[in-house]
Novice: 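I have a structure I would like to understand better, so I am pasting it below and will then ask my questions one at a time.
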Amino acid sequence: MTASSNSSSSRTKRPRGGSSDARAPSGADGAPTAIIACGALGGHLREIASRRGWDVQIHCLPSMLHNSPREIAPRAERLADELQQNGLRVVLAYADCGTYGALDRLCERRGLARLPGLHCYDVLAGPDRIRAALEAEPGTYLLTDFLVRSFRYSVLVSLGLDRHPELWPDYFGHYRRIVWLAQSPEPGLAGEAEAVAAMFGLPLTVMDVGTARLERELESLLKGAGAAVKAKDLRRAKDFRQIQPQSLRDHGTRASTRATLDAAVTAAPGAAL
């Protein structure tokens with residue numbers, strides 16, 4: 001994914017032969033559904049929708065917006081407005097993603113719904129597993145498949161480490177291990193994850209998470225399309241001071257780290273989610 005200013009969109013095609021699952025879950029009015037998604041999740045969402053035969057539109061915002069999370073909600077709202085004016089039901093395939101509740105306020109204001117969780121790691125692995133991993137070793141750097149594939153561009157280049165490798169300790173000196181939330185058994189990806197860990201000089205722990213949880217949450221999101229975000233999720237997102245500063249690592253320029261620290265959230269390098 002590049003940090004293009006234009007969103008990318010696709011309309012999933014039903015697989016040949018069809019199935020009883022050939023229509024996406026929809027709301028009461030039966031309007032077609034558009035999913036506004038983080039570009040880092042786009043590939044998985046398209047695979048799931050295609051395999052399930054869901055007739056949905058997927059519009060991906062640039063994954064690099066995670067380096068400036070304050071921009072996520074405004075960009076999502078502009079796209080949501082355009083899609084709703086075209087008669088589409090809109091849902092957000094985003095967790096909070098460092099927006100400090102801005103996406104929840106958008107959902108509340110426009111009657112939308114989003115994926116649950118504070119970040120994509122919650123969506124993929126579940127908040128309990130992520131919390132346990134970070135409590136076991138606070139100096140944990142989390143990788144997703146997307147981050148493994150895009151590490152050079154989304155981390156090294158965006159932080160300027162390709163030009164100034166001497167800055168590496170300033171960004172990453174406090175990490176003690178790498179945990180890869182592995183979603184797919186793609187050939188060669190394990191080797192790329194090992195290569196990222198080698199850059200840190202740290203051991204790699206592989207946590208096989210797959211995409212089953214993401215698929216369940218996506219199906220639930222589509223079934224509730226058009227419904228406002230639940231009040232308990234809003235309360236949780238609004239009180240970020242309950243989160244320990246070391247407990248959430250998401251994306252990683254210094255600017256994004258400062259922004260999320262303002263919300264008592266520490267950002268981790270990357271563009272995953």
Side-chain angles (χ1 to χ4, degrees), residues 1 10 12-15 19-22 24-25 33 35-54 56 58 60 63 66 91-97 113-137 140-151 154-155 177-197 202-224 233 247-251 268-273:
M1 254 339 260
S10 70
T12 60
K13 296 180 179 179
R14 297 180 185 178
S19 72
S20 59
D21 196 26
T33 300
I35 302 171
I36 296 176
C38 172
L41 290 178
H44 291 310
L45 298 179
R46 292 186 181 96
E47 186 279 325
I48 291 168
S50 178
R51 173 167 45 80
R52 296 290 296 272
W54 291 339
V56 295
I58 299 175
C60 291
S63 61
H66 281 283
V91 298
L92 304 180
Y94 272 94
D96 179 79
C97 295
R114 67 163 175 87
L115 292 171
L118 294 175
H119 40 72
C120 62
Y121 310 128
D122 276 357
V123 177
L124 293 169
D128 292 340
R129 294 180 75 182
I130 296 301
R131 187 180 304 111
L134 296 177
E135 288 176 353
E137 173 49 79
T140 295
Y141 185 102
L142 295 170
L143 291 171
T144 63
D145 289 7
F146 179 86
L147 250 185
V148 170
R149 295 189 193 97
S150 68
F151 191 81
S154 60
V155 179
R177 69 167 178 168
I178 310 299
V179 172
W180 173 30
L181 307 178
Q183 295 128 63
S184 64
E186 181 181 314
L189 202 56
E192 293 183 50
E194 291 281 3
V196 172
L202 294 174
L204 176 68
T205 299
V206 181
M207 185 185 296
D208 290 312
V209 300
T211 59
R213 194 177 191 283
L214 172 62
E215 184 169 336
R216 289 195 301 272
E217 296 295 356
L218 179 62
E219 182 172 19
S220 177
L221 182 69
L222 292 171
K223 285 180 177 178
D233 294 330
S247 70
L248 169 60
R249 293 174 170 80
D250 196 358
H251 304 283
L273 352 105

Novice: Distance from T211 atom OG1 to Q183 atom CD, nearest 0.5 Å?
Specialist: 8.0 Å
Novice: Could you label the plane-to-plane angle of the F151 and Y141 rings as parallel, tilted or perpendicular, counting under 30° as parallel and over 60° as perpendicular?
Specialist: perpendicular
Novice: Does the side chain of L134 come within less than 4.5 Å of V179's, by heavy atoms?
Specialist: no
Novice: Work out which heavy atom in V209 is nearest to a heavy atom in L124; give both atom names and the distance.
Specialist: CB-O, 3.8 Å
Novice: If you measure from CZ on R177 to OG1 on T140, what distance do you get to the nearest 0.5 Å?
Specialist: 3.5 Å
Novice: May I have the step-by-step check of side-chain contact (heavy atoms from CB on, under 4.5 Å) for F146 and H44, ending in yes or no?
Specialist: CA-CA 10 Å; F146 179 86; H44 291 310; over 6 Å; no
Novice: Considering non-hydrogen atoms only, spot the tightest contact between A95 and G117 and give its length.
Specialist: CB-O, 3.4 Å
Novice: Which distance, rounded to the nearest 0.5 Å, do you find between the CG of L115 and the SG of C38?
Specialist: 10.0 Å
Novice: Taking S50 for its side chain and R46 for its backbone only, find out whether a donor-acceptor pair lies under 3.5 Å.
Specialist: no
Novice: Assess whether side-chain contact (heavy atoms from CB on, under 4.5 Å) is satisfied between L214 and E217, documenting all intermediate values.
Specialist: CA-CA 5 Å; L214 172 62; E217 296 295 356; 5.5 Å; no
Novice: With a 4.5 Å heavy-atom cut-off, do Y94 and H66 have their side chains touching?
Specialist: yes
Novice: Could you grab the distance from atom CG of L204 to atom CG of L143, nearest 0.5 Å is fine?
Specialist: 7.5 Å
Novice: Verify, without hydrogens or angle tests, whether R213 (side chain) and V123 (backbone) share a donor-acceptor contact under 3.5 angstrom.
Specialist: yes
Novice: What's the shortest heavy-atom distance between A93 and L41, and which atoms?
Specialist: O-CD1, 3.7 Å
Novice: In Å and rounded to the nearest 0.5 Å, what is the CD to CG distance from E215 to L45?
Specialist: 10.5 Å
Novice: Where the side chain of H119 meets the backbone of D122, is there a donor-acceptor pair that is under 3.5 Å apart?
Specialist: yes
Novice: Tell me, with the steps shown, if L218 and W54 meet side-chain contact (heavy atoms from CB on, under 4.5 Å).
Specialist: CA-CA 11 Å; L218 179 62; W54 291 339; 3.7 Å; yes
Novice: Nearest 0.5 angstrom please: D145 CG to L189 CG, how far?
Specialist: 5.0 Å
Novice: Can you name the closest pair of heavy atoms from E192 and R149 and give their distance?
Specialist: OE1-CA, 3.9 Å
Novice: Would you name the heavy atoms of A37 and I58 that are closest together and state the gap between them?
Specialist: CB-CG2, 4.4 Å
Novice: If every non-hydrogen atom of A193 is compared with every non-hydrogen atom of V148, which pair is closest and at what distance?
Specialist: N-CG1, 3.6 Å
Novice: Before you tell me yes or no, could you show the steps for L147 and L142 under side-chain contact (heavy atoms from CB on, under 4.5 Å), namely the whole-Å CA-CA distance, both residues' side-chain angles and the distance that decides it to 0.1 Å?
Specialist: CA-CA 9 Å; L147 250 185; L142 295 170; over 6 Å; no
